[in-house]
2 protein chains.
Amino acid sequence: MYTETAMLGLDVPLRASERAYRQLRGEILNGFLAPGAALLEVEQAERIGISRTPLREAVARLIADGLVVGRRGRGFEVTDISVDSISELYELRQALEVQAIRLAAIRRDPTPFALLREGFVNAPQLLEQGDVGVHRYYGLIDELEDAIDVAVGNPFLVGALRAVRTHLARIRRLARRNPLRLHAAAAEHLLILDAIIAGDPSLAAHATHIHLHQSLQSVLAAIDEGSATVAN
Amino acid sequence: MYTETAMLGLDVPLRASERAYRQLRGEILNGFLAPGAALLEVEQAERIGISRTPLREAVARLIADGLVVGRRGRGFEVTDISVDSISELYELRQALEVQAIRLAAIRRDPTPFALLREGFVNAPQLLEQGDVGVHRYYGLIDELEDAIDVAVGNPFLVGALRAVRTHLARIRRLARRNPLRLHAAAAEHLLILDAIIAGDPSLAAHATHIHLHQSLQSVLAAIDEGSATVAN
DNA sequence: CAACCACTCTTTGTATACAGAGGCACTTCG
DNA sequence: CGAAGTGCCTCTGTATACAAAGAGTGGTTG
């Protein structure tokens with residue numbers, strides 16, 4: 001019930017291609033490798049400290065993830081994020097999350113969600129505690145997502161959802177959320193949680209629909225007003 | 001507006017890894033490589049006539065597609081299809097197609113759909129013409145899917161949809177549809193088409209929901225009754 | 001002065017050689 | 001006779017060497 005050796009501190013027995021994949025993926029997600037950045041094979045292979053063969057395997061996986069695109073003759077580059085692509089991603093996200101939440105509300109074991117509910121009830125206080133509080137709030141969201149994935153129990157659906165979340169992580173970076181939105185989002189999550197616990201798929205689906213609508217509006221607004229700042 | 005050299009008869013200037021990917025993918029989809037079949041690198045590389053390096057790249061893509069899984073220490077094997085996984089795939093399919101159809105109904109240029117409608121009106125006669133007719137009917141469905149993809153205009157959503165269709169192709173192989181179902185399906189497609197042309201996203205979504213429900217029931221029934229035959 | 005052609009350099013695509021890990025069978029001991 | 005340990009062998013994982021293709025640049029010619 002554990003993935004690789006993730007539970008332990010052991011990262012030594014990891015394949016080189018796996019290390020390269022995780023490192024590059026992380027660097028793309030946290031913005032170290034910015035959209036449009038060129039990836040030269042030899043350059044990246046030397047930087048990571050491996051040869052070109054496992055690096056190519058890592059890049060191939062990144063292409064499959066949609067984080068990297070191959071340029072015709074001139075290597076690869078990190079995919080960029082347009083405002084259009086954000087709206088498009090949310091169209092996919094909505095379809096997947098509404099379905100996932102609906103199924104979770106039907107199939108869930110209520111216990112983990114009841115536990116999570118406690119956390120979201122206390123979210124407003126958490127969000128008053130500065131960056132650490134916000135960080136712990138995001139931790140709650142991760143737990144909620146994991147609980148939903150377990151409740152859904154559908155590898156295809158969960159896999160598609162994880163792919164969407166990968167892209168969302170990049171978007172969050174360029175749209176710092178404001179405190180008001182975080183409080184509102186916490187309330188929305190609480191409603192979703194209640195619907196899941198109550199076993200009400202219809203309510204859960206509608207609440208998710210609303211939540212994602214608000215989320216997208218917030219992200220687009222944040223990018224719009226901060227575009228000059230983000231442009232750096 | 002053409003992909004690679006697909007339009008021409010030229011397959012010479014294709015990369016070895018690309019050739020290997022297409023060949024293996026095709027062989028998995030058409031059943032030549034059955035679920036559970038082991039893929040040995042040297043063996044497959046020799047068979048296709050390339051070295052191990054591009055073959056590994058091809059296998060990596062197949063793993064990303066979910067058509068192949070890596071066994072801990074002993075190579076790779078073709079993923080198998082359980083009845084459970086079919087229902088799970090349909091849960092994902094429903095979420096994606098309902099969303100896609102809804103958006104298509106909103107954004108469509110009516111012209112190509114009106115053209116397709118002619119084809120589906122004549123579908124019943126087509127289905128009386130034996131295998132060639134059935135084959136042409138499937139061609140119509142492909143055209144419909146392409147038209148929807150264009151109308152949706154969302155790379156994320158369309159990409160997810162294409163991934164689902166890949167797995168569906170394998171499922172169709174082990175569930176020969178009966179003529180009655182094909183006639184009913186054609187009628188359902190006609191309703192969806194009318195809703196798209198009318199620009200009625202709600203009707204289109206509901207019609208798609210029903211269509212997929214019936215489709216899944218038909219597939220599960222076909223597998224149930226034919227299990228002894230399929231087992232061969 | 002501009003346009004076209006050729007050459008070179010960079011970078012990817014492919015093959016092969018080598019090393020390490022895991023499994024299976026055989027043998028040996030209890 | 002059964003079980004456990006050891007050794008071999010196969011297969012993957014990685015590195016490196018080589019080939020080919022594309023792009024950019026410079027020169028030459030009209």
Side-chain angles (χ1 to χ4, degrees), chain A residues 2-6 8 10-25 27-28 33-34 36-79, chain B residues 2-6 8 10-25 27-28 33-34 36-79:
Chain A
Y2 54 90
T3 309
E4 301 286 336
T5 56
L8 312 167
L10 311 172
D11 41 10
V12 180
L14 218 51
R15 299 198 306 284
S17 62
E18 183 69 24
R19 271 193 304 142
Y21 172 70
R22 295 192 189 181
Q23 178 172 343
L24 289 174
R25 189 175 182 279
E27 288 176 352
I28 292 172
L33 290 172
L39 292 179
L40 287 313
E41 287 187 4
V42 283
E43 176 186 309
Q44 296 299 320
E46 283 182 11
R47 188 171 68 86
I48 298 176
I50 59 175
S51 84
R52 282 178 54 214
T53 307
L55 182 96
R56 283 176 65 85
E57 197 166 314
V59 170
R61 291 177 64 184
L62 293 171
I63 292 176
D65 291 345
L67 294 174
V68 168
V69 287
R71 296 182 297 187
R72 177 67 190 171
R74 215 62 174 177
F76 308 93
E77 71 177 40
V78 180
T79 53
Chain B
Y2 56 90
T3 309
E4 302 287 336
T5 55
L8 312 167
L10 310 172
D11 41 10
V12 180
L14 218 52
R15 298 198 305 285
S17 63
E18 183 70 23
R19 271 192 304 143
Y21 172 71
R22 295 192 190 181
Q23 179 171 343
L24 289 174
R25 189 175 183 278
E27 289 176 350
I28 292 172
L33 291 172
L39 292 180
L40 288 313
E41 287 186 4
V42 283
E43 176 185 310
Q44 296 299 318
E46 282 182 11
R47 188 172 67 89
I48 298 176
I50 58 175
S51 84
R52 283 179 53 215
T53 307
L55 181 96
R56 283 177 65 85
E57 197 166 315
V59 170
R61 291 177 64 183
L62 292 170
I63 291 176
D65 290 345
L67 294 175
V68 168
V69 288
R71 296 182 297 187
R72 177 67 191 173
R74 216 64 174 176
F76 308 93
E77 70 177 41
V78 179
T79 53

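Judged as a side-chain hydrogen bond (donor to acceptor under 3.5 Å, both in side chains), and not counting sequence neighbours, the contacts of B:Q23 are B:E27. Taking A:R25 as the reference, nothing meets the salt bridge (charged side-chain N to carboxylate O under 4.0 Å, His left out) condition, with sequence neighbours excluded. With sequence neighbours excluded, the residues that form a side-chain contact (heavy atoms from CB on, under 4.5 Å) with B:A38 are B:L40, B:R71. Scanning for side-chain hydrogen bond (donor to acceptor under 3.5 Å, both in side chains) contacts around A:T79 gives A:R170, with sequence neighbours left out. When the salt bridge (charged side-chain N to carboxylate O under 4.0 Å, His left out) test is applied to B:E41, the partners found at least two apart in sequence or on another chain are B:R52, B:R56.
B:F76 approaches B:G70 most closely through the heavy-atom pair CD2-CA, 3.5 Å.
The distance between atom CZ of B:R61 and atom P of C:dG13, rounded to the nearest whole Å, is 12 Å. The interatomic distance linking A:E18 (CD) with D:dT12 (P) rounds to 18 Å, in whole Å. Following rounding to the nearest Å, A:L55 (CG) and C:dG13 (C1') show an atom-to-atom distance of 14 Å. The interatomic distance linking B:R56 (CZ) with D:dT14 (P) rounds to 7 Å, in whole Å. Between the CD atom of B:E46 and the P atom of C:dA15 there is a distance of 12 Å, rounded to whole Å. Protein atom CD of A:E43 is 14 Å distant from nucleotide atom P of C:dT10, rounded to whole Å. As rounded to whole Å, 15 Å separates atom P of C:dG13 from atom CZ of B:R19. Between the P atom of C:dT14 and the CD atom of A:E57 lies a distance of 15 Å, rounded to the nearest Å.
The base of C:dT16 lies close enough to the side chain of B:T53 for a donor and an acceptor atom to sit less than 3.5 Å apart.
Here the nucleotide nearest the side chain of A:S51, chosen from C:dA15, D:dG13, D:dA15, is D:dA15. Side-chain atoms of A:L40 lie closest to C:dT12 of the nucleotides D:dT12, D:dT16, C:dT12. Of the candidates D:dT14, C:dG13, C:dA15, the closest approach to any side-chain atom of B:R15 belongs to C:dG13.
Here A:L39 lies in heavy-atom contact (under 4.0 Å) with sugar-phosphate atoms only.
The pair B:R22-B:E18 meets the salt-bridge criterion, since a charged nitrogen lies less than 4.0 angstrom from a carboxylate oxygen.
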For nucleotides 18-20 of chain D, which of its nitrogen or oxygen atoms have a protein nitrogen or oxygen under 3.5 Å away, and what is each distance?
none

